[in-house]
Amino acid sequence: MQLRIFTEPQQGASYDDLLAVAQATERLGFDAFFRSDHYLAMGGEGLPGPTDAWTSLAGLARETSRIKLGTLVSSVTYRVPGILAIQVAQVDQMSGGRAELGLGTGWFKAEHEAYGIPFPEKRFGMLEEQLEIVTGLWSTPPGEKYSFSGENYTLIDSPALPKPVQSPVPVIVGGNGPSRTPKLAARFATEYNQAFPEFETIAPQFGRVRAACETLERDPASLIYSAALVVATGADEAEFTRRAGAIGREPAELREHGVAGTAAEVIDRIGWLKQQGVERLYLQVLDLSDLDHLEFIASEIAPHVAG
């Protein structure tokens with residue numbers, strides 16, 4: 001199982017906070033540092049305020065050297081696809097080929113209202129067109145032009161520059177929808193992600209994605225299957241309970257819905273997730289000040305689940 005660290009900076013984190021977590025992520029041997037792409041806290045004051053996802057990842061690109069850097073996920077409502085393609089390509093260049101793009105429809109209406117961002121009622125078509133445009137811009141051969149005409153976006157004779165270092169840049173499509181999302185993942189994604197799924201739905205949803213790949217005559221094994229779940233653990237029950245309290249969650253609820261409990265429980269849960277088809281696990285770390293938590297996961301859990 002490949003372990004990645006996933007953060008929610010809108011809940012309250014400065015760039016320096018993110019830098020500390022990202023550098024610990026790299027030092028401790030995790031595969032990647034990912035962040036959400038939100039502008040408003042979901043409960044609490046969210047001080048000192050939001051950081052822009054791709055701006056902060058650009059900074060981290062210059063202050064890390066190994067880990068992958070990406071979003072889980074950017075919303076199609078925030079950026080037009082041409083600009084998004086430029087931003088991600090630039091972060092990929094700045095990092096030496098370590099950027100990954102997670103892209104979704106967006107859902108948090110309040111943050112759009114708070115910052116004057118349009119929030120159309122229908123956004124799935126925007127997602128489909130953005131995926132086609134971004135990947136099309138990156139894959140257009142140098143010296144050629146790219147054009148696109150759709151219901152939401154029109155591009156005319158774009159030089160399709162700059163190019164990312166990676167070809168292709170990994171693209172993550174997430175969501176738990178039973179029909180349209182699997183088809184979109186099969187068509188565009190290098191990775192399909194289930195965010196905070198109910199445990200019993202994981203294997204069936206992966207099955208739908210594999211079936212969508214087969215319909216498009218794509219090898220289902222060419223897609224990476226991942227999940228994102230909150231993590232809270234500790235050396236004993238007291239330490240686990242303390243960490244659960246620090247993020248405002250009940251221990252029993254965390255055990256039911258997350259990767260939580262003592263080290264032995266977390267190792268067992270990760271082993272079970274692997275049996276359901278999860279190949280890559282994003283550990284949602286909500287207390288960004290608790291770097292000891294990352295140390296514990298790296299030393300007491302990762303060696304037992306890697307590979």
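Residue indices begin at 1 and follow the sequence shown.
When the side-chain hydrogen bond (donor to acceptor under 3.5 Å, both in side chains) test is applied to R280, the partners found at least two apart in sequence or on another chain are Q2, E191. Applying the salt bridge (charged side-chain N to carboxylate O under 4.0 Å, His left out) criterion to D37, with sequence neighbours excluded, gives R79. Contacts of E265 classified as salt bridge (charged side-chain N to carboxylate O under 4.0 Å, His left out), with partners at least two apart in sequence or in another chain: R255. Here Y225 pairs with F206 under the ring-ring contact (aromatic ring centres under 6.0 Å, His included) rule; sequence neighbours left out. Remark: R98 engages no residue in a salt bridge (charged side-chain N to carboxylate O under 4.0 Å, His left out) (not counting sequence neighbours). Residues satisfying the salt bridge (charged side-chain N to carboxylate O under 4.0 Å, His left out) test with R62, not counting sequence neighbours, are none.
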Worksheet entry | Chi angles and distances behind the side-chain hydrogen bond (donor to acceptor under 3.5 Å, both in side chains) call for T262, E237 | CA-CA 6 Å; T262 62; E237 187 67 21; over 6 Å; no
Discussion item. Assess the residue pair I270 and K274 against the criterion (side chain to side chain contact (heavy atoms under 4.5 Å, CB included)); give the C-alpha distance rounded to whole Å, side-chain angles, the decisive distance to 0.1 Å, and a yes or no.
Written reply: CA-CA 6 Å; I270 293 175; K274 185 175 181 179; 5.7 Å; no
Item to complete: Output, in order, the C-alpha distance, side-chain angles, deciding distance and verdict of salt bridge (charged side-chain N to carboxylate O under 4.0 Å, His left out) for R4 and D31.
Response: CA-CA 5 Å; R4 293 182 157 188; D31 176 67; 2.6 Å; yes
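Judged by distance alone, the side chain of Q130 and the main-chain N or O of V76 form a donor-acceptor pair under 3.5 Å.
Each ring-ring contact (aromatic ring centres under 6.0 Å, His included) pair with one or both residues in residues 145-167, not counting sequence neighbours, would appear here, but there are none. Among residue pairs with one or both ends in residues 263-295, those qualifying as ring-ring contact (aromatic ring centres under 6.0 Å, His included) are F34-Y282, F199-W272; sequence neighbours excluded. For residues 132-143, every residue pair satisfying the side chain to side chain donor-acceptor pair (under 3.5 Å) rule, not counting sequence neighbours, is listed here: E132-R187. Among residues at least two apart or in separate chains, ring-ring contact (aromatic ring centres under 6.0 Å, His included) pairs with a member in residues 71-94 are Y39-Y78, Y78-H112.
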Report all side-chain donor-acceptor pairs from residues 173-183 shorter than 3.5 Å, counting only partners two or more places apart or in another chain.
none

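Closest heavy-atom contact between D17 and A13: OD2-CA, 3.4 Å. Residue A228 comes nearest to L72 through the heavy atom pair CB-CD2, 4.0 Å, listed as atom of the first residue, atom of the second, then distance.
Between E295 and R27 a salt bridge is recorded (basic side-chain N to carboxylate O distance below 4.0 Å).
Crowding of I156 atom CD1: a count of heavy atoms from other residues, nucleotides or ligands under 6.0 Å not exceeding 12.
A distance of 7.0 Å separates OG1 of T71 from CD1 of I172, quoted to the nearest 0.5 Å. To the nearest 0.5 Å, the span separating CD1 on I86 from OG on S158 amounts to 7.5 Å. Residue L60 holds its CG atom at 5.5 Å from CZ of F33, rounded to the nearest 0.5 Å.
Through side-chain heavy atoms spaced under 4.5 Å, either directly or across other Ile, Leu, Val, Met, Phe, Trp or Tyr residues, F240 is tied to V230, I247, L254, L286.
Side-chain contact, T55 with D52: a donor N or O sits under 3.5 Å from an acceptor N or O. Counting only N and O atoms by type, the side chains of D287 and S289 include a donor and acceptor under 3.5 Å apart. A donor-acceptor contact closer than 3.5 angstrom links the side chains of S56 and R35.
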